[in-house]
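Working notes, beginning with the structure itself.
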Amino acid sequence: MATAGHEIGDPSDCLRAHWGHAEFRSLQREAVEATLQGRDVLVILPTGGGKSVTFQLPPLVARGVTIVITPLLALARDQVQAALDRGIEAAMWAGDTSDTARASIRSSVLAGRGDEGGLRLLYTTPESLRTPPMRELLQAAHEEGSLVSFAIDEAHCVSQWGHDFRPAYLELVNLRTLCPGVPVIAVTATATTPVQAGIKESLGMQDPIVFQGSFNRPNIQYSVRRKEVLGDGSREALLADLVAWLAPRAGQSGVIYARTRATCDWLAGVLGDAGVDASSYHAGKDAPRRAAVQRDWMEGGCPVVVATIAFGMGIDKADVRWVVHWEVPSSLEGFYQESGRAGRDGLPCCSLLYASDKEMQEAARLERGERRGAMAEVAAIVQGARCRRKALLAYFGERRGTCCTPAQGEESCDVCTDAQAVRRMLGAVERKLERTACLAARVAAAMAATAGGYGNVGQTAVVDPSGYGGPVETTGFGGVEQSAAQTTDAGGFGGGAGPVAAEGGVIGGVPPASLPVSEGGPAHDAGAENPGLTAAREAGVPGQETTPATGADLQTQPGAGTAGGPDAQKSKGFCGCSVM
Ligand SMILES: Nc1ncnc2c1ncn2[C@@H]1O[C@H](COP(=O)(O)OP(=O)(O)OP(=O)(O)O)[C@@H](O)[C@H]1O
């Protein structure tokens with residue numbers, strides 16, 4: 001049953017009555033009207049751009065129900081509560097929804113279009129959507145004419161997760177045959193052209209109207225710091241740098257993103273010791289603890305959260321003044337989403353990214369499938385001295401001639417503020433990496449000459465043939481356990497096993513285009529973390545527990561970025577010095 005022509009209320013009145021907003025933001029009204037006309041719609045607005053209104057408002061106007069499909073139950077719960085707080089009838093249907101609650105939802109949904117007190121928003125997950133009771137409800141609701149639209153929130157998950165580990169996302173296309181004529185509205189803050197195409201195809205969207213705002217977040221000041229040249233590069237030096245950066249921001253609300261749970265716990269602890277009030281948040285903590293941390297942060301009790309990517313999706317806190325990436329993010333989409341949690345109120349805010357070549361190389365080595373190449377894109381921004389804003393926008397397909405333009409209200413990135421300083425930093429990184437590579441290569445060559453060959457793990461030298469991230473280590477300088485631990489460890493700083501091991505993962509400044517994809521081979525892959533699964537586990541997606549790579553996994557596998565031969569080493573040519 002088509003929904004076109006069922007407008008009852010006035011969109012502006014609904015916006016005022018339920019949100020208290022006087023006017024629509026850019027593209028909101030257009031998206032609402034297109035949905036009400038029965039068109040499929042893809043909304044791409046930046047983080048904090050006001051996407052929720054685009055799919056929450058149509059059922060209010062048409063007095064029917066919109067089925068909202070979200071990736072996370074926690075996100076759905078928050079949004080249901082937020083909707084109820086705005087006086088919008090909303091409910092959630094999940095695996096643990098009681099029979100009584102389901103019966104109540106059912107009668108409310110089947111009350112039909114136009115019912116004053118009917119349900120307006122029914123939140124669910126792709127997995128719940130394919131269960132027989134839900135399918136039966138959808139069919140009945142469709143026959144009653146109650147369905148206004150299907151909304152796919154965080155729609156980039158369709159293409160990012162659907163093929164990876166949440167096949168239920170790929171079954172969303174079946175809604176088109178189950179409920180023909182009901183429009184689909186897909187919303188996301190990040191969608192490159194291929195991702196857009198993937199969303200449209202996976203959802204079976206028919207001639208969709210795409211409403212795409214600019215990805216630019218003018219109020220964010222972007223900057224990058226290279227770990228290799230912060231003090232002596234030690235963990236203490238990095239911590240001191242962070243603490244100094246935070247000092248003038250004391251009391252401001254902020255988020256520090258780290259890659260592992262252990263890092264979150266450690267960093268929150270040492271920041272506390274340094275007088276920074278910080279809490280750790282990740283999927284390893286139980287739900288009440290996570291809820292308490294989030295609540296405390298939302299209410300301003302504890303201003304700083306150190307978190308994995310489990311924290312943030314759907315959190316609507318307007319006054320986050322800064323976001324720090326303590327370790328390099330796994331993709332530019334991720335970086336954009338995470339840094340975009342700052343400054344939703346439109347006021348000036350900061351994004352600070354700490355990164356090293358070693359981290360990027362290690363992360364690249366774990367990439368597989370469609371994720372291959374994501375780290376090279378991150379590296380292109382981190383390793384370059386181009387306006388960060390311009391580079392980030394270019395990634396999303398927005399070409400602009402100008403760099404950060406303060407005259408138009410844009411915050412200046414570090415490059416636009418002081419390009420010379422950034423170039424000096426990059427030059428220092430390059431020199432340091434060259435020195436390290438020379439030293440590593442010389443030690444390896446010397447060890448090989450002594451023992452008569454390479455690749456004999458545990459006896460002589462261990463040289464990563466890829467030249468990427470596999471620490472050049474020798475017996476007596478730390479051993480393979482050390483290098484394996486570094487791929488998943490708490491700090492990603494090398495662990496300081498010895499003069500070579502401490503910096504051994506960095507073998508020359510790798511130009512962005514040459515950043516590797518996984519070169520470890522199947523044995524390595526089997527033990528390595530799938531970034532998608534890691535994301536799912538952190539995000540609390542049910543049934544996505546995996547066993548992280550362990551030192552033993554990598555240690556015992558040939559081809560795990562450790563053993564290699566002189567030919568492989570020769571072909572890569574670590575640095576300018578002649579060692580072979
Ligand atoms: N028309 C409007 N006028 C003023 N404020 C608005 C308007 N629309 C939305 N907002 C506010 O903007 C903020 C962000 O809205 P919303 O949560 O929908 O963003 P979003 O695009 O879903 O962001 P994210 O992708 O980060 O979740 C909210 O505080 C919301 O109340």
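Just follow the structure's listing: the first ligand is 1, and inside any ligand the first atom is 1.
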So, regarding Glu154 and ligand 1 (criterion: nitrogen or oxygen to nitrogen or oxygen, under 3.5 Å), is there a contact or not? no
For Phe24, is at least one N or O under 3.5 Å away from an N or O on ligand 1? no
Establish, yes or no, whether a centroid distance under 6.0 Å links the rings of Tyr281 and Trp297. no
Ignoring hydrogens, just give me the one of [options] whose non-hydrogen atom is nearest [atom].
{"atom": "atom 4 (C) of ligand 1", "options": "Lys317, Arg86, His21", "value": "His21"}
{"atom": "atom 18 (O) of ligand 1", "options": "Gly346, Ser52, Ala82", "value": "Ser52"}
{"atom": "atom 19 (O) of ligand 1", "options": "Ala189, Ala318, Gly50", "value": "Gly50"}
{"atom": "atom 20 (P) of ligand 1", "options": "Gln337, Lys51, Gln56", "value": "Lys51"}

Test applied, side chain to side chain contact (heavy atoms under 4.5 Å, CB included); reference residue, Val324; option that passes from Val255, Val306, Ile256: Ile256
Hey, does the side chain of Asn219 reach the backbone of Cys349 with a donor-acceptor pair shorter than 3.5 angstrom? no
Any donor-acceptor N or O pair under 3.5 Å, side chains Ser280, Arg261: no
Report yes if the side chains of Leu347 and Asp319 come closer than 4.5 Å at any heavy-atom pair, otherwise no. no
side-chain hydrogen bond (donor to acceptor under 3.5 Å, both in side chains): pairs with one or both residues in residues 80-89, sequence neighbours excluded: Gln81-Asp85
Does only the side chain of Glu23 get under 4.0 Å from ligand 1, or the backbone, or both, or neither? Count heavy atoms. backbone
Relative to the heavy atoms of Pro46, which atoms of ligand 1 are at a distance of less than 4.0 Å? 21 (O)
